[in-house]
Amino acid sequence: MGLRAKSVELRTAFLSRMARFAVDKPRTIVAIFLAITALALTYLILNIKITTDPVQVMPNTPAKVGLSLLLNYFRDYDYSTAYLVVYGNKSAALSLLNAIKGQDYVINAALSYNGSNMYIITATVNQQSLSDKLIPIYLGLREVANEVAREYGGVKVLIGGDRLRISTTSCLALSVSTMVSYSM
């Protein structure tokens, strides 16, 4: 019992000295803990990769390994598809199609008409449907659509991405469909 009593007394004495030090020098304690926090945040910022790709954060399962093999050996398997819908103006749709075909990230683009006053442009983009690089691509598509919408005043354009692939595309973080509407 004597050893246990000494250890309790030692702990009590140590804690009392630490408490006295903290009360006597609060700025030093705050500075120490701010330095520790800054170091931890620096480590965190430098070592954490932020991504919109859910596959990157998945554990190494056979499905993930199979997907990575599929994407490595068949690169065009999972290209993303962008859809742009132009309401009621065929010349605006053709102009938008030509502008989109001129973008370096578009592999192929085609125009179709569904008979209900909508022209649908289907553009295959050179990024995988889960890539983080899709967000700037969709922002670029939005800029092109804005220019065409301004040229043909009052034209409505919807921009969206495919959801029928392996998983939800990164562009859905941007928006499912961004409506660009200008009236001049």
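One-based numbering along the sequence shown.
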How many angstroms lie between [atom1] in [X] and [atom2] in [Y], if you round to the nearest 0.5 Å?
| X | Y | atom1 | atom2 | answer |
| --- | --- | --- | --- | --- |
| Ile100 | Ile121 | CD1 | CD1 | 4.5 Å |
| Ile159 | Leu139 | CD1 | CG | 9.5 Å |
| Leu15 | Met18 | CG | CE | 8.5 Å |
| Asn146 | Leu141 | CG | CG | 11.0 Å |

What side-chain donor-acceptor pairs closer than 3.5 Å can you find for residues 89-99, not counting sequence neighbours?
from  : atom 1 : to    : atom 2 : distance (Å)
Asn89 : OD1    : Ser91 : N      : 3.3
Asn89 : OD1    : Ser91 : OG     : 2.7
Asn89 : OD1    : Ala92 : N      : 3.2
Asn98 : ND2    : Leu94 : O      : 3.3

Exercise. For residues Tyr138 and Gly160, report the shortest heavy-atom separation together with the two atoms involved.
Key: CE2-O, 3.6 Å

Practice problem: Run the numbers on Val155 and Val148 for side-chain contact (heavy atoms from CB on, under 4.5 Å), then give the verdict. | Solution: CA-CA 8 Å; Val155 173; Val148 170; 5.7 Å; no

Exercise. Just jot down the side-chain hydrogen bond (donor to acceptor under 3.5 Å, both in side chains) partners of Ser116, sequence neighbours excluded, or say none.
Key: Asn114

Quiz prompt | Partners passing side-chain hydrogen bond (donor to acceptor under 3.5 Å, both in side chains) against Ser16 (at least two apart in sequence or in another chain) | solution = Arg20

Quiz item: How is the hydrophobic cluster of Val30 composed, in terms of its other members, when Ile, Leu, Val, Met, Phe, Trp and Tyr link through side-chain heavy atoms under 4.5 Å apart, directly or indirectly?
Solution: Leu34

Self-check item: Side-chain heavy-atom pair Tyr87, Leu158 within 4.5 angstrom cut-off
Solution: yes

Quiz prompt | Side-chain touch Ile29/Lys25, heavy atoms, less than 4.5 angstrom | solution = no

Exercise. List in chain and number order the residues that pass side chain to side chain contact (heavy atoms under 4.5 Å, CB included) with Tyr43, two or more places apart in sequence or in another chain; answer none if no residue qualifies.
Key: Asn47

Quiz item: Does Tyr119 have any ring-ring contact (aromatic ring centres under 6.0 Å, His included) partners at least two apart in sequence or in another chain, and if so, which?
Solution: Tyr113

